[in-house]
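Accompanying notes for the structure given below.
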Amino acid sequence: MSDNEHLFQDAIRRLDRALQHANIDPEAVERLKFPKQVLQVSIPVRMDDGSLRIFTGYRVRHDDTLGPTKGGIRYHPGVHLSEVQALAFWMTCKCAVAGLPFGGGKGGVIVDPKELSRMELERLTRAFVAQIADFIGPETDVPAPDVYTNAMIMGWMMDEYSKIHRVHSPSVITGKPVPLGGSLGREDATGRGAYLCVKELERRRGWQPAEVRVAVQGFGNAGQHVARLLHADGYRIVAVSDSRGGIFKPEGFDIPSLIRGKHETRQLRAMYCAGSVCEIVDAASISNQELLELDVDLLIPAALENQITGENAGRIQAPVIIEVANGPITGDADEVLNRKGTLVVPDILANAGGVTVSYFEWVQNRAGYSWTLDEVRERLREIMSRQFGVVHDLMQEKQIDMRTAAYSVALNRLGAAISSLGTGRFFAGADTERT
Ligand code: GLU
């Protein structure tokens with residue numbers, strides 16, 4: 001996580017690469033290199049033992065050209081301002097790739113939520129919202145879950161925001177519990193979006209699922225669902241891991257029982273090392289690093305950023321990587337993987353399913369009308385397949401890597417919007433058309 005300090009600078013370097021292939025005024029790109037607004041807050045929380053602890057939190061709005069800024073809030077001890085800025089920048093690009101009427105934002109609190117009691121977690125969450133209540137809003141900035149935050153936490157946030165503003169405001173936040181205005185299908189949307197990308201590749205490349213060996217790093221909300229959906233289609237999930245380590249079995253795992261076990265014991269390691277559960281799963285123990293370097297057909301990093309770096313990229317054997325986490329591959333690693341011919345389906349496309357269903361939730365809240373699960377899934381499928389196709393076609397047409405293609409698509413859409421308000425060419429009179 002030490003690389004987080006430089007994450008934003010590393011992230012925006014990708015803009016210059018895509019610039020050559022995109023139809024965008026360089027002035028518009030310059031604007032995207034700076035976050036629009038950055039808020040840092042101190043959050044005093046009364047702990048269960050009576051003591052006071054002050055936590056630090058951030059909310060960043062990167063760019064709102066295409067609509068209200070949108071993006072999750074993470075609770076993690078490694079949260080860093082530069083990381084939150086990078087994550088907000090990726091949200092801008094992700095929403096543009098998905099064609100959603102949103103800009104990009106992100107938030108984070110420096111905390112290990114596993115060390116807090118449930119009541120401390122609720123107090124922290126409500127106190128954080130109190131600090132950012134004037135910064136967020138249904139038409140300005142709309143948060144959502146991210147690493148180590150979930151539907152209940154979104155519910156507390158919505159409730160606190162509504163109390164502060166004295167208006168019932170479900171559309172201020174997405175990823176809420178369904179009884180509080182959450183959308184059906186939001187829970188597994190990130191995993192499902194990534195699964196739909198795999199299905200597009202399967203169709204284009206004639207894959208036989210039973211022959212495709214998959215390794216999934218990270219068994220949180222996104223990793224579990226993508227593993228479950230691929231397993232249900234016959235893919236062989238040979239390795240999975242969580243923050244404590246991983247397990248490997250060449251014949252493949254029964255994913256539903258791993259998910260049950262994880263929910264019961266809260267960690268994957270217990271699946272093969274704790275008492276009676278040892279007998280259920282017969283698998284070898286591997287580290288997170290070893291998982292990344294396995295001889296598999298499909299690698300799915302679904303944990304945190306900076307996992308595949310210049311140091312280990314040369315040892316990655318998988319020919320195809322689906323980035324379900326945000327930023328798991330660094331810029332240096334990209335170059336190594338591109339030289340090797342590894343196909344990387346980039347995060348701003350592969351994990352866009354979550355924010356796409358967040359958009360559906362926001363639309364439903366604003367309309368006061370909810371959709372069925374089938375409607376949500378069908379609309380998600382339609383958007384993911386279409387946008388995957390747009391990026392894939394551009395990659396082939398221009399003979400570029402898929403990340404550069406995805407950024408070019410994002411830049412084309414952002415560029416068109418930014419230029420509509422006028423750039424230097426217009427104001428200096430270089431544009432011939434005048435009204
Ligand atoms: N945190 C998710 C992401 O990184 C979802 C964001 C959202 O739904 O707004 O894409």
Side-chain angles (χ1 to χ4, degrees), residues 7 11 58-64 66-76 79 83-109 136-151 153-155 157-158 170-177 181-194 196-197 218 220-223 225-226 301-305 322-328 345-365 376 380 383-384 387 406 410:
L7 209 56
Y58 305 102
R59 185 74 194 167
V60 172
R61 301 182 65 216
H62 173 259
D63 180 81
D64 64 350
L66 295 175
T69 46
K70 184 85 193 81
I73 291 176
R74 66 173 52 182
Y75 286 177
H76 195 278
V79 163
E83 176 203 30
V84 181
Q85 289 180 339
L87 289 159
F89 162 74
W90 286 324
M91 288 306 303
T92 300
C93 299
K94 192 185 301 184
C95 292
V97 169
L100 307 177
F102 283 137
K106 202 80 175 196
V109 176
I136 60 173
E139 268 139 8
T140 48
D141 180 35
V142 184
D146 197 75
V147 174
Y148 294 154
T149 52
N150 59 19
I153 294 175
M154 297 305 111
M157 290 191 174
M158 189 277 275
S171 57
V172 69
I173 205 152
T174 59
K176 301 178 292 293
S183 177
L184 293 171
R186 176 63 185 84
E187 187 68 19
D188 72 359
T190 306
R192 186 172 293 273
L196 291 167
C197 291
N221 184 267
H225 288 297
V226 72
L304 288 169
E305 55 268 22
I322 315 281
E323 285 190 312
V324 173
N326 288 306
V345 182
D347 46 7
I348 59 170
L349 172 67
N351 72 26
V355 71
T356 300
V357 177
S358 275
Y359 166 57
F360 298 161
E361 182 170 327
W362 183 77
V363 168
Q364 292 170 74
N365 291 157
V376 169
L380 174 64
I383 290 181
M384 289 304 301
Q387 305 307 347

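Counting convention: from 1, in listed order, for ligands and their atoms alike. Hydrogens, waters and symmetry mates are skipped; everything else that's a heavy atom, side chains included, is used.
Heavy-atom separations between Gly71 and ligand 1 include at least one value shorter than 4.0 Å. At least one heavy atom of Pro145 sits under 4.0 Å from some atom of ligand 1.
Taking the six-membered ring for Trp and thresholds of 30 and 60 degrees, His76 and Tyr148 have nearly parallel ring planes, at less than 30 degrees apart.
Summary of contacts: the protein heavy atom closest to atom 7 (C) of ligand 1 is Ala144 CB, 3.3 Å. Nearest protein neighbour of atom 9 (O) of ligand 1, counting heavy atoms only, is Lys70 NZ, 2.8 Å.
Close approach to Ser358 involves these atoms of ligand 1, each under 4.0 Å from a residue heavy atom: 7 (C), 8 (O), 9 (O). Listed by atom number, the atoms of ligand 1 under 4.0 Å from Lys94 heavy atoms are 3 (C), 4 (O), 10 (O).
Neither the backbone nor the side chain of Val357 has any atom closer than 4.0 Å to an atom of ligand 1 (non-hydrogen atoms only). Only the side chain of Arg186 comes within contact range of ligand 1, with a heavy atom under 4.0 Å; no backbone atom does. Residue-level proximity to ligand 1 for Lys106 is carried by the side chain, the only part with a heavy atom below 4.0 angstrom.
Between Glu305 and Arg74, at least one side-chain N (NZ, or NE/NH1/NH2) sits under 4.0 Å from a carboxylate O, which counts as a salt bridge.
For Lys70 (side chain) and Val355 (main-chain N/O), no donor-acceptor pair under 3.5 Å exists by modelled atom type. In this structure, Lys106 contributes its side chain and Gly71 its backbone to no donor-acceptor pair below 3.5 Å. Here the side chain of Thr92 pairs a donor or acceptor atom with the backbone of Gly104 at under 3.5 angstrom.
Annotation for Ser358 and Arg186: closest pair OG-NE, 2.9 Å, computed over non-hydrogen atoms.
For a threshold of 3.5 Å applied to N or O pairs, the pair formed by Met91 and ligand 1 contains no separation below that value.
When each of Asn365, Thr174, Ile173 is checked for a side chain to side chain contact (heavy atoms under 4.5 Å, CB included) with Met158, only Ile173 meets the rule.
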